[in-house]
Amino acid sequence: MGLTVVALACTDRPAHADNSAAEIAQLRSMVLQLQAQVHELQKNQHPVRVEPRHTTRSAQTSERTRRNVQSASAMPVSPDVTPVLPVSVTPKTEALSGPMLIDGKPVPPLSTDAVPDGVALEMPQAVKSINLSSSSPTALTQTEVDSLPPIFKIGSVSVRLGGFVDMSNIYRDKNLTAGPATPWGSFPYSGNPNAHASEYRPTAQLSRFSLLLEGKPAKGVKVEAYVEADFGGSGSNSNAVQTNSYVPRMRQAYLAADDSDLGLHFLAGQAWSLTTGYANTLLRRHEQLPPVVDSNLIPGVTFTRVPQVRFIKDFNRKWWLGLSVETPQATLGFDDSTLVSGDSIPAAAGHTTGPHVVYNSTGSGMLDPEAHYSMDVAPDIVLKGAVDTSLGHYEVYGLARWFRTVVINGSGVGGRAHSRVAFGGGVGGSMAVPLLHDKIQLVGNVLAGKGVGRYGPSQLPDMTFRSNGAPAPLKEIIGSLGLIGHPSSNLLLYTYGGVEAAHRSVYEGADGNYYGYGSRTTNLAGCAIMLGTCNAETQALASFTMGGWWHLLDGRYGSVMAGLQYTYVRKFAFKGIDDHGATTRPTANGNTVFVTFRYYPFQN
């Protein structure tokens, strides 16, 4: 084995030089590779003769120099490392007499301790360059913590920090008394006083912090822990009067492991549901989330963020198959808005009384005592397949769900309770397609089935009741289509259209009226009368969103951005009747505007 010698002339950089952290990491990686080669030669005890320096080089020295430079040029380098062109070796070798400097910092020498047999030297991988000037959606929504260099190490575990400080100004033309997570299905009808008042609400609650811990116990194996939080929680003392003391909340918290040789990936903890669309692969933090400000995203986008256990298998990192077992919950829609769990529902035709139905309970034991939790019988199960091609990323999946109620017939000694279970779920898919040389990206998703309302931002109900009190999953569809573009290096623009819709499900009552979700006999006259009672139930909700992000500053200090988002929503109720028995169908609309400023201190 011959000795390769490369001299790196370290000169003072011009004041205007702009060496990024990624470029410095690449240079360091090259130097360490050369040091590893020297170490290997030392290990094999190959003597190296150093020729004395002369004012005039001999032909033999010139030939040796020529061979060494050719050898340095032919040395293989990692595909992730930008090749460094060899520098001519001259008699002036003072640069080698002292510690080698890169970006003003000495490169530590490679240890010459004996390396145990069978243990290969692990060359450091160059940090993936993160280009925030492209305003990538993943940088905005996932903060691209994976691409950031480690801040420090704890033993052999690397620690990476991510997140941003956010200040959003929210304007709505209808008063929802809502924070930065807009309840899209709650825009009021004209009879509600809130439909005649606007809302302005500034907030810093979306400020986010993330922590990624990574370790490599064996070759090709990686384990990690990831925690992500913001200030979207509200405690008993949270208010907007004086201190605005909103509390931190868990967004994501999970452990994960990867075996690249076997193509196996595991996740356990709280993360985005596998039903969420992905930009590529099916791996965590690769979700294709709209680059919007609103924490509830936009109507028509499929997602939940829940505890789960997930298994992924990749086939040559092109084909992907995933199975996820996720935390269930079910939401109810029923004509009688005063109904609570345990009440009796209206009697069906041919009966004198209706059964009592228990469908949820209040929380306890670290669950929110003011929230209601459904009586779940089994987890939600998602099975998804995906493929990455030069023409984009495509996914298709199946979703299985189960719903349960407890029906009580009679009372006292003769009363009987029975558990009623119904199956639901659906099929869905998503895509992320690059257009015009990646300047524009076409994205879309769809989910159709029974009892899938929980997976849409508008939160349409999952189920209603049959006449016997058993759960009746509602037929529903959720879908969106969007375009994301980069007209310039520091500007991102986006536009989306979305829809969520449900079918009616009713039974005929003993009084001749219909009950369930979407009854045609419900009196909706109060929806258009000031302070009237409105029992309208949402059939469909359509939305249009447009917005963008502009980089104000970019550099080693991080990135400062300004964002603008506008969303228009129109809500359609099921048809009912007015006081004169005529058919009526209430509608409502709303406009929401976000003006946001963000600072990403870790992305530089």
Side-chain angles (χ1 to χ4, degrees), residues 183 185-186 328-351 353-361 372-378 380 399-409 417-426 447-456 458-478 500-524 527 533-541 571-577 585-586:
S186 298
Q329 275 294 294
T331 56
L332 176 75
F334 195 72
D335 296 291
D336 186 356
S337 59
T338 64
L339 181 74
V340 297
S341 182
D343 285 354
S344 62
I345 62 174
H351 294 75
T353 60
H356 289 260
V357 182
V358 180
Y359 55 91
N360 64 32
S361 301
H372 299 280
Y373 297 83
S374 58
M375 307 179 68
D376 304 305
V377 63
D380 290 1
L399 168 66
R401 307 195 66 197
W402 289 265
F403 305 91
R404 177 166 63 183
T405 61
V406 175
V407 180
I408 304 169
N409 292 297
H418 304 277
S419 176
R420 304 291 186 184
V421 177
F423 176 78
L447 172 60
K450 298 174 65 175
V452 298
R454 170 201 189 201
Y455 286 83
S458 302
Q459 289 295 286
L460 296 179
D462 293 312
M463 69 174 196
T464 187
F465 296 130
R466 302 188 189 279
S467 61
N468 62 357
L474 299 171
K475 294 181 180 179
E476 293 163 320
I477 186 169
I478 303 168
E500 299 180 39
H503 286 247
R504 62 166 42 92
S505 178
V506 297
Y507 68 89
E508 185 179 0
D511 57 2
N513 292 319
Y514 288 87
Y515 298 95
Y517 189 73
S519 170
R520 295 184 180 90
T521 59
T522 301
N523 191 324
L524 303 179
C527 297
T533 300
C534 181
N535 292 321
E537 294 168 317
T538 303
Q539 179 183 22
L541 190 144
K571 182 170 68 172
F572 302 88
F574 283 101
K575 293 180 180 180
I577 58 174
R585 188 187 193 188

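Basis for what follows: all heavy atoms, side chains included, without hydrogens, waters or symmetry-related copies.
- With contacts defined as side-chain heavy-atom distances shorter than 4.5 Å, the pair Tyr515/Ile345 does not qualify.
- Residues passing the side-chain contact (heavy atoms from CB on, under 4.5 Å) test with Ala378 are Trp402, sequence neighbours excluded.
- Looking at heavy atoms from C-beta onward, Arg466 lies out of side-chain contact with Arg420 at the 4.5 angstrom threshold.
- Proximity of a side-chain donor or acceptor of Arg401 to a complementary backbone N or O of Gly425 within less than 3.5 Å is not detected.
- A heavy-atom distance below 4.5 Å is found between the side chains of Gln329 and Tyr373.
- For Tyr507, the ring-ring contact (aromatic ring centres under 6.0 Å, His included) test picks out no residue, with sequence neighbours left out.
- Ser341 contributes a side-chain N or O that, together with a main-chain N or O of Asn360, makes up a donor-acceptor pair within less than 3.5 Å.
- Between the side chain of Glu537 and the backbone N or O of Asp335 there is at least one donor-acceptor pair closer than 3.5 Å.
- Legend: residues meeting side-chain contact (heavy atoms from CB on, under 4.5 Å) with Ala330, ordered by chain and number and at least two apart, are Ser374, Phe403, Asp462.
- In this view, Arg520 satisfies the side chain to side chain donor-acceptor pair (under 3.5 Å) rule with no residue, not counting sequence neighbours.
- Between atom CD of residue Glu508 and atom OG1 of residue Thr521 there is a gap of 9.5 Å, rounded to the nearest 0.5 Å.
- Side-chain N or O atoms of Thr464 include none that pairs as donor or acceptor with a backbone N or O of Phe334 at under 3.5 Å.
- Atom CG of residue Leu332 and atom CG of residue Leu339 lie 7.0 Å apart, to the nearest 0.5 angstrom.
- Side-chain contact between Ser419 and Arg404 is present, with heavy atoms from C-beta onward closer than 4.5 Å.
- Every residue two or more places apart in sequence or in another chain that forms a side-chain contact (heavy atoms from CB on, under 4.5 Å) with Val506 is listed here: Tyr514, Ser519.
- Put simply, the side chain of Thr405 gets close to the backbone of Gly469: a donor and an acceptor are under 3.5 Å apart.
- Heavy atoms only, all atoms of each residue included: Ala348 and Ser467 are closest at CB-CB, 3.5 Å.
- The structure places CD1 of Ile477 at 10.5 Å from CD of Glu500, a figure rounded to the nearest 0.5 Å.
- Under the ring-ring contact (aromatic ring centres under 6.0 Å, His included) criterion, Tyr517 pairs with Phe574, sequence neighbours left out.
- Considering only heavy atoms from C-beta on, Leu474 stays 4.5 Å or farther from Leu460 through its side chain.
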